[in-house]
Q: 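One structure, pasted below without further comment.
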Amino acid sequence: MGEKTGRVAHNLPTIHNYAMRAWMVRGGRQGQREQVALSQGRAIVGWSEVGDLSGKSREEIREGLTAVHPDESNQLIGNWTGQLDRFVNEMRIGDVVVMPLKSDRTLAIGTVRSDYNFDDDGEGEHFREVDWHRSDVERTSLKHDLRASLKSLLTICELTRFGSVDRLEAVLNGRPDPGPVREGSPLPNRVEDLPSDTPTPMTVRELLDLVNMDRRTAQTVTAIDELLHASGLKAIPSITDAEIDEQIVVTPLDDRAQRDRANVMPLPATASDAERSVGYRIHQIPSARRAPMSVSRDDLIADARTAMLEGNFSQLAVIEAGGLAGVITWESIAISHMHGSPQTVGEAMTTSPPTVAPYANVLDVVAQIESSGYVFVRGEANEIGGIVTVADLTAEFGRDRRPLVMIEEIEMRMRRAVKAQLTDADIERSQARCKTIDRLTLGAYPFVFDDDQNWEKLGWTGIRRERLRSLVQEIADVRNSLMHFSQDPLSEQTFLMLEGTLRLLRAVDSSRTRIRPDVR
């Protein structure tokens with residue numbers, strides 16, 4: 001990249017005594033500014049048409065945007081104003097900056113080293129000088145909660161949740177992401193040791209760690225609820241209502257007599273509670289708990305179309321007085337244009353979009369979602385709590401397919417490698433409680449390996465028997481977990497374990513025929 005020669009409005013660095021903050025600054029909708037930003041050591045944003053904003057207040061920035069975009073809605077101008085004000089007036093020297101790279105799906109992380117500047121060469125650039133310490137950070141190296149914070153559609157946004165500053169600074173310096181920060185004293189090692197007289201904030205993941213569980217299933221949720229009640233505690237919100245890295249509060253039960261009863265038996269459930277605890281509920285899908293992007297009846301259709309294209313949405317909620325007034329979709333826009341020349345959202349929206357209660361059984365509403373493409377999910381106070389689309393259903397029910405395919409190949413390779421060296425008589429002699437190799441399950445293979453004669457006949461001299469036995473037992477446990485649908489993803493460590501076992505089995509699999517699991 002050639003060096004720019006145009007005039008640059010240089011602002012002298014200012015020394016600030018304040019707490020460090022963290023920001024995400026994107027490199028353009030298509031990533032067009034990423035390489036220039038990295039090569040020139042800058043964070044660069046758009047809106048060059050508004051000109052130099054040095055010394056401009058938030059209101060002056062808004063006036064400038066309105067002057068060059070007189071036809072844009074107040075909502076969109078306000079959105080742009082907030083982003084530019086953060087970049088011009090709020091960002092400080094020493095702050096951490098993250099730039100998600102579209103080119104290779106990695107992250108660049110650096111620190112701000114100048115105040116706001118404007119380069120008027122060519123199309124002009126709003127920029128700050130940045131020391132990009134790393135430009136190769138794998139997104140998966142950040143824990144789930146921090147990755148989720150980077151999914152904002154905004155070009156410029158502050159990262160404030162889960163101790164983002166310290167965690168990004170750790171990654172910037174080559175250390176692993178330490179995970180979400182919890183206020184207060186360290187957690188005890190057991191649920192029974194949690195304080196019974198004061199609330200204790202923690203994430204769902206931390207609560208799972210306290211009971212030595214990795215994921216939530218119907219069985220584990222019931223067990224945790226009973227364990228909490230037996231200790232005179234409850235979780236607010238319920239552990240099924242929060243995402244795995246979202247904070248909940250474990251707090252004492254309200255009624256002392258109720259707490260005493262809980263010490264001897266599980267807390268009785270109301271009919272509503274009992275119904276909610278059975279089946280897979282719509283609110284367990286993450287998008288059902290996130291407020292959808294919305295527009296108002298008076299917004300321009302052009303603004304709605306822009307938002308739908310930018311966010312890859314097929315529909316937007318139309319909100320009026322805090323409630324759902326309707327929905328605007330690509331189909332409703334097309335139909336409205338068949339009957340005239342609509343300009344506002346109100347002229348192109350549908351007034352009766354499908355809605356469901358948060359505790360509706362997913363299986364009961366699948367047909368409705370497939371028919372309309374979406375349903376809005378009502379919150380506890382009848383407000384719109386989220387939206388579930390066909391794409392959300394596909395992602396939710398398809399996310400466990402990859403580990404199942406890997407486990408299927410592991411089992412097939414295991415059976416073929418064992419079958420090449422052992423007989424049905426060898427299997428029947430072992431403690432596997434199975435008469436033939438073809439009937440072996442994953443959980444039975446460790447018993448086959450325990451038999452010294454079998455292990456010697458297998459001849460896998462380069463593999464430690466204890467390690468292989470442990471791996472196969474872990475994989476059997478993972479498969480059993482997947483059979484009980486959970487709203488929590490498998491950990492990266494689990495995927496690494498599955499991949500490592502596959503490599504091991506491919507090495508001992510004597511056949512040269514490539515295994516092709518049946519994926520349908």
Q: Give a yes or no on whether Gln473 atom CD has more than 12 heavy-atom contacts from other residues, nucleotides or ligands under 6.0 Å away.
A: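 Count over threshold, so yes.
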Q: Mind checking side chain to side chain donor-acceptor pair (under 3.5 Å) for Asp225 and listing every partner two or more places apart, or none if nothing turns up?
A: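 Scan of Asp225 (side chain to side chain donor-acceptor pair (under 3.5 Å), adjacent residues dropped) gives none.
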Q: Of all residues at least two apart in sequence or in a different chain, which pass the side-chain contact (heavy atoms from CB on, under 4.5 Å) check with Leu101?
A: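 Scan of Leu101 (side-chain contact (heavy atoms from CB on, under 4.5 Å), adjacent residues dropped) gives Glu34, Leu38, Met99, Ser103, Asp104, Thr106, Ala108.
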Q: Looking only at atom types and distance, does a side-chain atom of Ser470 sit under 3.5 Å from a main-chain N or O of Glu466, one as donor and one as acceptor?
A: no
Q: Can you name the nearest heavy-atom pair linking Ile156 to Arg86, along with the distance?
A: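 Result for this residue pair: O-NH1, 3.7 Å.
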Q: Would you confirm whether Thr81, through its side chain, and Ile77, through its main-chain N or O, come within 3.5 Å as a donor-acceptor pair?
A: yes
Q: Would you indicate whether Asn173, at its atom CG, is surrounded by more than 12 heavy atoms from other residues, nucleotides or ligands within a distance under 6.0 Å?
A: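 Yes, the 6.0 Å shell around CG holds more than 12 heavy atoms from other groups.
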Q: Taking the side chain as every heavy atom from C-beta outward, state whether Leu150 and Leu159 have any pair of such atoms under 4.5 Å apart.
A: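 Touching, per the 4.5 Å side-chain cut-off.
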Q: Any salt bridge linking Glu158 with Arg21? Criterion: basic side-chain nitrogen under 4.0 Å from a carboxylate oxygen.
A: yes
Q: Do NZ/NE/NH1/NH2 and the carboxylate oxygens of Arg175 and Glu169 come within less than 4.0 Å?
A: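 No, no charged N to carboxylate O under 4.0 Å.
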Q: Taking side chain to side chain donor-acceptor pair (under 3.5 Å) as the definition, give me every residue that meets it alongside Thr351, ordered by chain and number, with sequence neighbours left out.
A: none
Q: Run the side chain to side chain contact (heavy atoms under 4.5 Å, CB included) check on Thr306 and Leu76 step by step: do they pass?
A: CA-CA 10 Å; Thr306 300; Leu76 190 57; 5.6 Å; no
Q: Consider only side-chain N and O atoms of Ser296 and Asp299, and report whether a donor and an acceptor are under 3.5 Å apart.
A: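 Note: Ser296 and Asp299 side chains meet the donor-acceptor criterion.
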Q: Given Val250 and Met202, is the side chain to side chain contact (heavy atoms under 4.5 Å, CB included) satisfied, shown in steps?
A: CA-CA 7 Å; Val250 175; Met202 67 181 73; 3.7 Å; yes
Q: For Arg26 and Thr155, does a side-chain donor sit closer than 3.5 Å to a side-chain acceptor?
A: no
Q: Can you sort out the partners of Ser287 under side chain to side chain donor-acceptor pair (under 3.5 Å), two or more places apart, ordered by chain and number?
A: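 By the side chain to side chain donor-acceptor pair (under 3.5 Å) rule, Ser287 matches Asp392.
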Q: Is any side-chain heavy atom of Leu468 less than 4.5 Å from a side-chain heavy atom of Phe449?
A: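 When only atoms from C-beta onward are counted, Phe449 and Leu468 do touch, with a gap below 4.5 Å.
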Q: Rounded at 0.5 Å granularity, tell me how far CG in Leu498 sits from CG in Leu404.
A: 10.0 Å
Q: So Pro403 and Phe495, do their side chains get closer than 4.5 Å, heavy atoms only?
A: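 They are in contact (side-chain heavy atoms under 4.5 Å apart), so the answer is yes.
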Q: Between the side chains of Arg105 and Glu138, is the shortest nitrogen-to-carboxylate-oxygen separation below 4.0 Å, so that they form an ion pair?
A: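 Looking at Glu138 and Arg105, the cut-off is not met.
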Q: One pair to check against side chain to side chain contact (heavy atoms under 4.5 Å, CB included): Ile369 and Val362. What are the steps and the verdict?
A: CA-CA 10 Å; Ile369 295 173; Val362 171; over 6 Å; no
Q: Is there side-chain contact between Val375 and Thr355, with at least one heavy-atom pair below 4.5 Å?
A: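 Result no, sub-4.5 Å side-chain heavy-atom pair not found.
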Q: Does Asp95 pair with Arg92 as a salt bridge, N-O distance under 4.0 Å?
A: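 Answer for the salt bridge query: no.
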Q: To the nearest 0.5 Å, tell me how far Leu228 CG sits from Glu192 CD.
A: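 Atom-to-atom, Leu228:CG and Glu192:CD are 9.5 Å apart.
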Q: Quick check: closest heavy atoms across Val472 and Pro446, and the distance to 0.1 Å?
A: CG1-CD, 3.9 Å
Q: How close do Trp330 and Phe313 get, heavy atom to heavy atom, and via which atoms?
A: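 Looks like NE1-O, 3.3 Å.
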Q: Between CG of Leu84 and CZ of Arg58, what distance do you get to the nearest 0.5 Å?
A: 10.0 Å
Q: For Asn74, does the CG atom have more than 12 heavy-atom neighbours from other residues, nucleotides or ligands under 6.0 Å away?
A: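 No, the 6.0 Å shell around CG holds no more than 12 heavy atoms from other groups.
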Q: Is the number of heavy atoms from other residues, nucleotides or ligands under 6.0 Å of Arg433 CZ greater than 12?
A: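 At most 12 heavy atoms, drawn from other residues, nucleotides or ligands, come within 6.0 Å of this atom.
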Q: Looking at every heavy atom in both Lys102 and Gly28, which two are closest together, and how far apart are they?
A: CE-O, 3.8 Å
Q: Is there side-chain contact between Ile109 and Val171, with heavy atoms separated by less than 4.5 Å?
A: yes
Q: Starting from the C-alpha separation in whole Å, work towards a yes-or-no answer on side chain to side chain contact (heavy atoms under 4.5 Å, CB included) for Gln431 and Asp450.
A: CA-CA 8 Å; Gln431 297 297 313; Asp450 283 343; over 6 Å; no
Q: Using ring pair (Phe, Tyr, Trp, His ring centres under 6.0 Å) as the criterion, list what pairs up with Tyr374, not counting sequence neighbours.
A: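 Tyr374 satisfies ring pair (Phe, Tyr, Trp, His ring centres under 6.0 Å) with Phe376 once adjacent residues are dropped.
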Q: Could you tell me whether the side chain of Val97 reaches within less than 4.5 Å of the side chain of Met24, counting heavy atoms only?
A: no
Q: Can you measure from OG (Ser294) to CD1 (Ile328) and round to the nearest 0.5 angstrom?
A: 12.0 Å
Q: Looking at residues at least two apart in the chain, or sitting in another chain, which of them share a side chain to side chain donor-acceptor pair (under 3.5 Å) with Arg139?
A: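 By the side chain to side chain donor-acceptor pair (under 3.5 Å) rule, Arg139 matches no residue at all.
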Q: Find out whether Glu499 and Thr501 are in side-chain contact, i.e. whether some heavy atom of one side chain is under 4.5 Å from a heavy atom of the other.
A: no
Q: Please report the closest heavy-atom contact between Arg378 and Pro358, naming both atoms and the distance.
A: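 Reported closest heavy-atom pair: O-CD, 3.0 Å.
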Q: Could you state the interatomic distance from CD1 (Ile319) to CE (Met293), rounded to the nearest 0.5 Å?
A: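 These two atoms lie 12.5 Å from each other.
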Q: Phe447 ring centre to Arg469 NZ or CZ under 6.0 Å, with the angle to the axis within 45°?
A: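 Flagged: Arg469 positioned over aromatic ring of Phe447.
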Q: Less than 4.5 Å apart, any side-chain heavy atom of Leu471 and any of Leu504?
A: yes
Q: Rounded to the nearest 0.5 Å, what separates atom CD1 in Ile410 from atom CD in Glu408?
A: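 Nearest 0.5 Å value for the CD1-CD distance: 11.0 Å.
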Q: Taking Val88's backbone N and O only, do any of them form a donor-acceptor pair with Arg128's side chain (distance below 3.5 Å, no angle check)?
A: yes
Q: Does Ala223 offer a backbone N or O that forms a donor-acceptor pair with the side chain of Glu226 under 3.5 Å?
A: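 The answer is no, because no donor-acceptor pair under 3.5 Å joins these two groups.
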